[in-house]
Amino acid sequence: MATGLFLTRGYDNVTIADVARAADVSVNTVFNYFGTKEDLFFDRQEEIIEHAARVFADRAPGESAVAVFRRHFREGLDRNAYQTGFHEGSETWARAVRESPALTAKQLEIGHRAQRRLAAAFADETDADPDDITARAAAAMIFAVQQTLIEQILQRKMAGESLEDMRRDVYAATERAFDLLERGIGGYAAQPAAQPADEGADEGADEPADEGGPPADTAASAQTPEPQPRPGKSVSS
């Protein structure tokens, strides 16, 4: 109910008292269940925080972390799941969050908590220390890939594209992004090798001289006499 009010009237235009009246309860009752106004908007945050860890726990025998998240994201696109942003109305939600610094900060906090929860699940599964860099980096990379895909979807939705308009591109982008995650970025975007400084000179040296005379620079030097010293003075002067 509260989320509906926020989306239709704007987050900053709705008070806790408005939510309480709509639910026919007191303001104190609202605060008994939700600590802040942002918690009212993100009323499924605990589910979101646990979601990635549950996906990992449900992987098939022999299925890697990257493989299960690739599969899960594709299945989410198939069913227009809200976790992918690929659903009708996702642009309305995204605008509400972006227009509110408080909601933007809360969304980041929830994302960080979910990432840490997944890192803990990785560490537990691999018998690693909770602060093991491998578990933490792997969780961060998986979240980065998914969030990048979701942000691209939301940007296109806010620009007015329909789900069907971008479906093929979204599926292709999903495969490219998870391919990078699975194979590593390795030599991606490497600086081109520098050419030797004397390469141009070598190329010029290989060119044959004009028939009938020496190369132009040799001919020019031959036609220009060496300066002669003036009486009583050295060449250096």
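Along the sequence shown, residues are numbered consecutively beginning with 1. In this text the structure is predicted, and so the values were computed from the model without any measurement.
The shortest heavy-atom contact between Ala123 and Ala135 is N-CB, 3.8 Å. Taking every heavy atom of both residues into account, Ser100 and Tyr11 meet most closely at OG-CD2, 3.6 Å. In terms of heavy atoms, Tyr82 sits closest to His87 at CA-ND1, 3.4 Å. Between Arg136 and Ala119, the shortest heavy-atom contact is CA-CB, 3.9 Å. Here the closest non-hydrogen pair linking Leu154 and Gly85 is CD2-O, 4.1 Å. When all heavy atoms of Phe34 and Asp39 are compared, the closest pair comes out as CD2-O, 3.6 Å.
Dense packing is recorded around CG of Asn32, with more than 12 heavy atoms of other residues, nucleotides or ligands lying under 6.0 Å away. When the shell of 6.0 Å around CZ of Arg79 is examined, it contains more than 12 heavy atoms from other residues, nucleotides or ligands.
Under the 4.5 Å side-chain heavy-atom criterion for grouping Ile, Leu, Val, Met, Phe, Trp and Tyr, Val25 is connected to Val14 within one hydrophobic cluster. Linking ILVMFWY side-chain heavy atoms closer than 4.5 Å, directly or via other members, places Leu108 and Trp93 in two distinct hydrophobic clusters. By the rule that hydrophobic residues join a cluster once side-chain heavy atoms approach within less than 4.5 Å of another member, Leu180 and Phe178 end up as members of separate clusters. Tyr33 and Leu5 fall within a single hydrophobic cluster, where Ile, Leu, Val, Met, Phe, Trp and Tyr are joined by side-chain heavy atoms under 4.5 Å apart, directly or via other members. At a threshold of 4.5 Å between side-chain heavy atoms, the hydrophobic network of Ile, Leu, Val, Met, Phe, Trp and Tyr places Met141 and Val55 in one connected group.
Note that CD1 of Ile150 and CZ of Phe86 are 12.5 Å apart. Values are rounded to the nearest 0.5 Å. The distance from the CG atom of Leu103 to the CZ atom of Phe41 is 5.0 Å, given to the nearest 0.5 Å. A distance of 11.5 Å separates CD in Glu91 from CD in Glu161, rounded to the nearest 0.5 Å. The distance from the NE2 atom of His51 to the CG atom of Leu118 is 10.5 Å, given to the nearest 0.5 Å. Rounded to the nearest 0.5 Å, atoms NE2 (His72) and CG (Asp58) are 9.5 Å apart. Distance check, rounded to the nearest 0.5 Å: CD1 of Ile142 to CZ of Phe69 gives 5.0 Å.
Side-chain contact between Glu47 and Arg54 is present, with at least one heavy-atom pair separated by less than 4.5 Å. Taking 4.5 Å as the limit, every side-chain heavy atom of Gln115 sits out of range of all side-chain heavy atoms of Gln147. Contact check for Leu163 versus Lys157: side-chain heavy atoms found under the 4.5 Å cut-off.
Glu46 has no carboxylate O lying under 4.0 Å from a charged side-chain N of Arg117, or vice versa, which leaves the two without a salt bridge.
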Please assess Leu77 against Ile153 for the test side-chain contact (heavy atoms from CB on, under 4.5 Å), listing each intermediate value before the final yes or no. CA-CA 11 Å; Leu77 295 177; Ile153 291 169; 4.1 Å; yes
Under the criterion side-chain contact (heavy atoms from CB on, under 4.5 Å), I'd like the reasoning laid out for Asn80 against Glu88: C-alpha separation, chi angles, the key distance, then a yes or no. CA-CA 8 Å; Asn80 298 353; Glu88 296 298 345; 6.0 Å; no
Audit row: Glu109, Glu38, side-chain contact (heavy atoms from CB on, under 4.5 Å) steps and yes/no: CA-CA 11 Å; Glu109 176 201 325; Glu38 290 75 34; over 6 Å; no
Check against side-chain contact (heavy atoms from CB on, under 4.5 Å), Gln152 and Met166: CA-CA 10 Å; Gln152 187 177 62; Met166 57 179 165; over 6 Å; no
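Between the Tyr171 side chain and the Asp78 main chain, a donor and an acceptor come within less than 3.5 Å of each other. A donor-acceptor distance shorter than 3.5 angstrom exists from the side chain of Gln45 to the backbone of Phe42, with no hydrogens or angles considered.
In this structure, the ring of Phe122 has its center less than 6.0 angstrom from the ring center of Phe56.
Here the rule is side-chain hydrogen bond (donor to acceptor under 3.5 Å, both in side chains) with Arg70, and of Glu63, Gln146, Glu182, Glu75 only Glu182 fits it.
Scanning for side chain to side chain donor-acceptor pair (under 3.5 Å) contacts around Asp169 gives Arg156, with sequence neighbours left out.
Checking Asp18 against Thr15 by side-chain atom types alone, a donor-acceptor pair falls below 3.5 Å.
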